[in-house]
Amino acid sequence: MQSKTPRLDDIHGIPARARKMKPLNVGPNERVVSAAIGGGLVAWALWRRGALGLLAGAFGGALTHRGLRGHCPAYEALGLSSRKAPKPTPMPLGAAEELTRIERTVTVARPANEVYAFLRDPAHVPHFAPHVERVEDLGEGRIRVWTALSGERSSWEAHIDLDHEARALVLGHAEGPPERLAILLGDAPGGRGTEIRLVLELSKTRGLLFRALTAVAGADPDAWARAGLRRLKMLLEAGEIVTTEGQPSGRFIPLTRAAA
Amino acid sequence: MRVVVDSIIGCGHCFFCQSEQYALCDNTNPKPELTDKLYGYPTAGIYGYSHAFGGFAGSHATYVRVPFADTNAFEVPEGLPDERVVFASDALPTGYMGADLCNIQRGDVVAVWGCGGVGQMAILSAYLLGAERVIAIDRFPERLAMARDRAGAEILDYEQVDVREALREMTGGRGPDACIDCVGMEAHGTGIDYAYDRVKQAVRLETDRPTVLRQAILACRKGGTVSIMGVYGGFVDKFPMGAAMNKGLTLKMGPQHGQRYIPRLLEHIRKGELDPSYLITHRARLADGQEAYDTFKEKRDGCMRVVFTPEA
Ligand SMILES: NC(=O)c1ccc[n+]([C@@H]2O[C@H](COP(=O)([O-])OP(=O)(O)OC[C@H]3O[C@@H](n4cnc5c(N)ncnc54)[C@H](O)[C@@H]3O)[C@@H](O)[C@H]2O)c1
């Protein structure tokens with residue numbers, strides 16, 4: 001087995017879609033100085049020309065950009081910042097991450113133990129996870145997930161890395177690069193139920209889970225995650241999934257009636 | 001048993017339904033992607049409305065499927081004719097909520113923009129909730145007459161008078177304590193701002209025409225409430241935020257939470273304190289639907305509301 005038992009704090013953070021990939025790391029005074037010197041260098045380069053001018057121009061341009069933008073790649077590489085700002089909430093994985101992380105959260109007006117019990121029953125999964133047909137319990141913490149898209153069936157085997165009553169359920173697999181499907185549960189404040197966080201760590205290079213998901217969700221596993229959470233919430237709160245499928249429409253007259 | 005079904009669908013279980021904000025339900029819109037993007041979070045499903053609100057079929061049908069019927073359907077008391085309760089599904093709770101959001105106090109003067117079905121119901125509701133006087137604004141003579149004769153409002157024709165000046169004079173220089181917008185994004189107008197909005201809409205720089213909203217915010221007394229029941233869909237321009245902020249206004253708005261109000265409205269109707277049936281100006285068979293809709297849309301022949309009778 002590849003994966004070691006994960007720590008919950010390492011799994012969930014601020015998702016990539018909410019992060020600025022080039023955060024401000026140059027302080028306000030330094031930005032002014034940087035832009036001024038950069039501007040001067042560019043002006044001098046235009047007057048001087050030649051190889052030295054080119055060099056000065058490029059360097060000046062970079063300094064100007066750094067000043068205007070407030071982001072310095074060199075500082076970032078060195079982990080420095082001249083901005084006096086509080087450290088942000090820790091974010092799992094750096095900018096150079098090799099995994100695609102998908103994180104989606106939903107609040108369900110149900111207590112965590114109820115949510116957990118519902119999720120833990122393999123028979124429930126096909127009702128909310130799009131295109132999942134069946135989840136088979138192979139025993140010893142292993143499961144097999146069967147998916148189907150327009151008749152095309154496939155399956156993958158996963159093991160349960162972490163199973164924490166009313167807190168977390170983390171799935172991994174033994175093949176290829178490490179990937180993860182984690183469901184974390186937390187109490188919403190004020191008795192508002194449970195916050196359910198779904199974290200998918202997918203490896204774009206040969207990832208089994210990545211391939212399994214793209215097979216059913218196309219290029220958008222994020223939409224798959226959102227739809228799944230929405231359906232899960234509907235089932236847990238309202239007891240059914242609302243649909244307009246099959247309703248009559250004045251626009252699309254059913255063939256049988258048109259023929260009659 | 002006969003029931004009234006609210007036009008907006010609630011699941012009855014989510015945070016919003018539990019706090020009686022049924023029209024904000026989390027679980028009844030099967031196509032939440034669009035409003036999720038446009039508004040930040042998706043809103044509830046609605047019958048016979050845009051696909052952004054779920055694309056549920058409308059109710060002109062032999063059968064209507066009602067999700068979560070225990071939350072959305074309300075038994076009609078014995079002995080009340082259909083005509084008196086049919087508007088308890090949409091226009092009546094909308095008007096009532098418009099007045100309810102105004103937190104009406106003794107001696108309050110309420111101004112209502114729009115004398116359509118929703119506006120008429122807002123006038124009646126404002127009186128039920130204790131308003132001293134209600135002033136109604138529109139331009140169609142037959143609608144204004146209805147507001148005066150059937151709902152008991154004082155009336156203003158905005159094509160004849162300057163609404164803001166008139167309201168100011170009629171309220172002893174104070175301005176109305178509460179203003180209810182029962183017109184929405186398709187407001188018609190007489191001023192330069194109306195022309196401005198038409199042009200901006202034509203070139204897609206603005207989606208909604210907030211003529212009435214602007215007027216209501218400027219007309220409202222300091223510290224008053226502007227309650228918005230007329231629907232807005234996207235973006236508005238030249239929103240008088242300075243007036244709203246510096247006059248300390250309370251702005252309240254939203255799709256109607258009918259399930260919160262229908263039981264008490266049916267009770268008012270049963271006791272004879274409320275009778276919305278005067279909104280019916282026309283009757284038609286379903287087979288004549290298209291013509292009836294045209295009459296309604298163009299407000300021909302004094303049309304306020306058409307009632308369809310499937311079997312007639
Ligand atoms: N919030 C909700 O849940 C909800 C529910 C139902 C309807 N609505 C909305 O309420 C609004 C009114 O509905 P309705 O059925 O009564 O519509 P309606 O078209 O019958 O009535 C609107 C009235 O406003 C008048 N009007 C137009 N411009 C005006 C102006 N500048 N000043 C004063 N009056 C003006 C029109 O002459 C018309 O009589 C619509 O926007 C509708 O979409 C909201």
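Here is how names work: the chains are called A, B, and so on, in the same order as the sequence lines, proteins then strands, and each is numbered from 1.
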Measure the acute angle between the ring planes of B/Phe53 and B/Tyr39, then classify it against the limits of 30° and 60° as parallel, tilted or perpendicular. tilted
Between A/Trp224 and the options A/Thr214, A/Ile102, A/Val216, the side chain to side chain contact (heavy atoms under 4.5 Å, CB included) test singles out A/Val216
Rounding to 0.5 Å, atoms CD (A/Glu133) and CG (A/Leu149) come to a distance of 10.5 Å
Quick one: which residues of residues 6-17 of chain B reach chain A at under 4.5 angstrom, heavy atoms only? B/Cys11, B/His13, B/Cys14, B/Phe15
If one checks every heavy atom of B/Pro32 against chain A at 4.5 Å, the contacting part turns out to be side chain
Mind checking what makes salt bridge (Lys or Arg N to Asp or Glu O under 4.0 Å) contact with A/Arg144, not counting sequence neighbours? A/Glu157
Return yes if some donor-acceptor pair links the side-chain N/O of A/Ser203 with the main-chain N/O of A/Glu179 below 3.5 Å, else return no. no
Determine whether more than 12 heavy atoms belonging to other residues, nucleotides or ligands lie under 6.0 Å from atom CZ of B/Phe239. yes
Enumerate the salt bridge (Lys or Arg N to Asp or Glu O under 4.0 Å) contacts for residues 26-53 of chain B, please, sequence neighbours excluded, ordered by first and then second residue. A/Arg230-B/Glu33, A/Lys233-B/Asp26
Taking everything shown except A/His124 itself, do over 12 heavy atoms lie less than 6.0 Å from its NE2? yes
Would the distance check show the side chain of B/Gln256 and the main-chain N or O of B/Gly258 forming a donor-acceptor pair, the cut-off being under 3.5 Å? yes
B/Glu83/B/Arg283 salt bridge by N-O under 4.0 Å criterion: yes
Listed by number, the residues in residues 106-122 of chain A that come under 4.5 Å of chain B (heavy atom to heavy atom) are A/Ala109
